[in-house]
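FYI, side chains are in, hydrogens and waters are out, and symmetry mates aren't considered; it's all heavy atoms of this structure. Since the model is a prediction, treat every value here as computed from it, not as a measurement.
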Amino acid sequence: MAAAKKKKKRRSQAPVALVYFVTVIIFMALLAMLAVYLLKQFNVIGQDKDKEEAVTTPVFTELFARVNSKGVLSDMAVMRISPDEQNILIIPISSMTLSTKEPGKNMRDVYSETGMPGVKSAVQDTFGIAIDNYATLTNEAFERVADVFGGITYTAPEELYYLSQDNDENDISIVKGELVNLSGRQIRLLTQYPVFSNGKQGNNEFLGVALESLLNNAFQVSNITLDNLDNIYEIITANSDTDITTDNYKLMKSYLKQMLSAGLTPAEALCPQGTWGEDGNFEVSADFKAQLRERVSQDVDNAQGETVADEDELNRIAQTETAAETAAPAETAE
């Protein structure tokens with residue numbers, strides 16, 4: 001009887017141990033949940049997810065340069081495409097703009113000595129804006145792209161008149177206040193002929209107006225533009241000195257398609273201000289550089305506002321691209 005009682009007592013300890021074990025497990029689980037809650041509250045964990053959610057849409061900053069039939073840099077334009085802001089900022093740049101990177105030399109000089117890589121570096125340094133890619137356009141390519149967009153309608157602020165030395169096709173005669181339709185060729189000629197009372201500044205301002213109008217026209221006929229994006233890319237890069245790759249283009253195209261479907265008029269020109277010297281060179285003013293930095297800082301998280309190029313921005317764009325699948329002498333018509 002005593003032995004039987006002892007065996008019964010040992011068996012009665014098993015449920016107690018089980019209850020104790022379950023209680024410990026529940027207590028540990030509660031502690032773990034409390035620990036996780038506290039760690040999240042103090043931002044110790046969960047930051048990687050937040051960082052992933054904070055990744056922003058890339059901004060595309062492209063430098064397009066027109067090079068005439070004599071191999072001379074004629075004019076340029078920086079186009080900064082910001083899908084998040086649904087904006088395309090256009091900065092027309094005269095080839096006579098002095099480079100701060102190489103004092104005493106203008107962009108035309110830089111191009112003749114170091115080509116587009118040198119011009120890209122000079123534009124970044126002079127304007128304080130990072131350039132992702134560059135491409136040159138011939139006179140013919142510039143005109144063809146403008147004609148794809150249907151040219152522009154333009155009201156001259158003054159009488160614009162010029163007789164070329166070539167033929168009537170290159171003559172310019174526009175009455176002040178007259179609304180005219182300009183083809184790609186006429187647009188190109190007005191960017192280089194000495195027809196504006198304020199000289200080459202007038203040519204550069206007109207280039208900004210023309211590009212702004214062309215791009216906004218393209219967005220107004222979005223279906224036609226969507227069908228022609230590949231064609232435009234081929235026209236620009238066919239005989240171009242460019243570092244735009246197919247992957248670069250595919251990524252940019254994916255965002256342009258989204259913008260085109262949104263019914264926007266996103267293009268806005270910001271023409272450089274400064275001083276024209278007696279030698280024909282143009283020096284960008286410090287006020288304009290500050291204005292430009294303020295504009296683009298919205299797209300680079302207000303970082304490195306004073307630097308020549310935001311390397312973090314360029315690296316981020318390069319990494320995003322890897323993952324993607326989906327101009328002329330005034331007195332001639334050359």
- [ ] Could you please spell out the steps behind the side chain to side chain donor-acceptor pair (under 3.5 Å) verdict for N106 and N281?
- [x] CA-CA 7 Å; N106 59 36; N281 289 324; 2.8 Å; yes

Write down the atom of [X], the atom of [Y], and the distance for their closest heavy-atom approach.
X    : Y    : answer
N87  : M259 : N-CE, 3.9 Å
C271 : E205 : SG-CG, 3.5 Å
K101 : S121 : CE-OG, 2.8 Å
F142 : G184 : CE2-O, 4.2 Å
Y255 : P83  : CB-CG, 3.8 Å
A65  : L73  : CB-CD1, 3.7 Å

- [ ] Output every pair passing salt bridge (charged side-chain N to carboxylate O under 4.0 Å, His left out) with a member in residues 259-285, not counting sequence neighbours, ordered by first then second residue.
- [x] E268-R295

Open item on the list: Tell me which pairs pass salt bridge (charged side-chain N to carboxylate O under 4.0 Å, His left out) where either residue lies in residues 141-162, with sequence neighbours left out.
Closed with: E143-R185, E143-R188

Open item on the list: Run the side chain to side chain donor-acceptor pair (under 3.5 Å) test on S112 and D109 for me, step by step, so that the C-alpha distance in whole Å, both residues' side-chain angles and the decisive distance to 0.1 Å come before the verdict.
Closed with: CA-CA 5 Å; S112 67; D109 298 329; 5.0 Å; no

Hey, is the main chain of [Y] close enough, under 3.5 Å, to the side chain of [X] for a donor-acceptor pair?
X    : Y    : answer
Q220 : G263 : no
T237 : S240 : no
N68  : V72  : yes
S95  : R108 : no
N204 : P92  : yes
N203 : L190 : yes
Q291 : F288 : no

Open item on the list: Please enumerate all residues that pass side-chain hydrogen bond (donor to acceptor under 3.5 Å, both in side chains) together with Q273, with sequence neighbours excluded.
Closed with: none

TODO: Using the test side-chain hydrogen bond (donor to acceptor under 3.5 Å, both in side chains), find all partners of K253 that sit at least two apart in sequence or belong to another chain.
DONE: D230

TODO: Report yes or no: do S164 and D171 form a side-chain donor-acceptor pair below 3.5 Å?
DONE: yes

Open item on the list: F149: which residues meet the ring-ring contact (aromatic ring centres under 6.0 Å, His included) condition with it, sequence neighbours left out?
Closed with: none

Open item on the list: Applying ring-ring contact (aromatic ring centres under 6.0 Å, His included), can you list everything that pairs with F64, at least two apart in sequence or on another chain?
Closed with: none

Can you tell me how far apart [atom1] ([X]) and [atom2] ([Y]) are? Round to the nearest 0.5 Å.
X    : Y    : atom1 : atom2 : value
I81  : E62  : CD1   : CD    : 6.0 Å
N133 : M116 : CG    : CE    : 10.5 Å
R80  : I88  : CZ    : CD1   : 12.5 Å
L98  : W276 : CG    : CH2   : 9.5 Å
Y162 : N170 : OH    : CG    : 9.5 Å

Open item on the list: If you count heavy atoms of other groups shown closer than 6.0 angstrom to CG of N239, is the number above 12?
Closed with: no

Open item on the list: How about CD on E140, more than 12 heavy atoms from neighbouring residues, nucleotides or ligands closer than 6.0 Å, or not?
Closed with: no

TODO: Each residue besides Y161 in its hydrophobic cluster should be listed here, by chain and number; the cluster joins Ile, Leu, Val, Met, Phe, Trp and Tyr at side-chain heavy-atom distances under 4.5 Å.
DONE: L163

- [ ] Could you work out the complete set of other residues in the hydrophobic cluster of V221, with links drawn between I, L, V, M, F, W and Y side chains under 4.5 Å apart?
- [x] I224

Task: Result of checking I244, T138, L137 against I236 for side chain to side chain contact (heavy atoms under 4.5 Å, CB included) - done: L137

Which pairs of donor and acceptor atoms, one on a side chain in residues 206-217, lie under 3.5 Å apart (sequence neighbours left out)?
from: E212; atom 1: OE1; to: A269; atom 2: N; distance (Å): 2.8
from: N216; atom 1: OD1; to: A267; atom 2: N; distance (Å): 2.9
from: N216; atom 1: ND2; to: E212; atom 2: O; distance (Å): 3.3
from: N216; atom 1: ND2; to: A267; atom 2: O; distance (Å): 3.3
from: N217; atom 1: ND2; to: G151; atom 2: O; distance (Å): 3.1
from: N217; atom 1: ND2; to: S213; atom 2: O; distance (Å): 3.3

TODO: Please identify each residue that fulfils salt bridge (charged side-chain N to carboxylate O under 4.0 Å, His left out) with E234, with sequence neighbours left out.
DONE: none

Task: Contacts of type salt bridge (charged side-chain N to carboxylate O under 4.0 Å, His left out), residue K105, not counting sequence neighbours - done: E102, E113

TODO: Apply side-chain contact (heavy atoms from CB on, under 4.5 Å) to I93 and list each qualifying residue two or more places apart in sequence or on a separate chain.
DONE: M76, V78, I91, T97, V123, F127

Open item on the list: Can you confirm whether M79 sits close enough to L89 that some side-chain heavy atom of one is under 4.5 Å from a side-chain heavy atom of the other?
Closed with: no

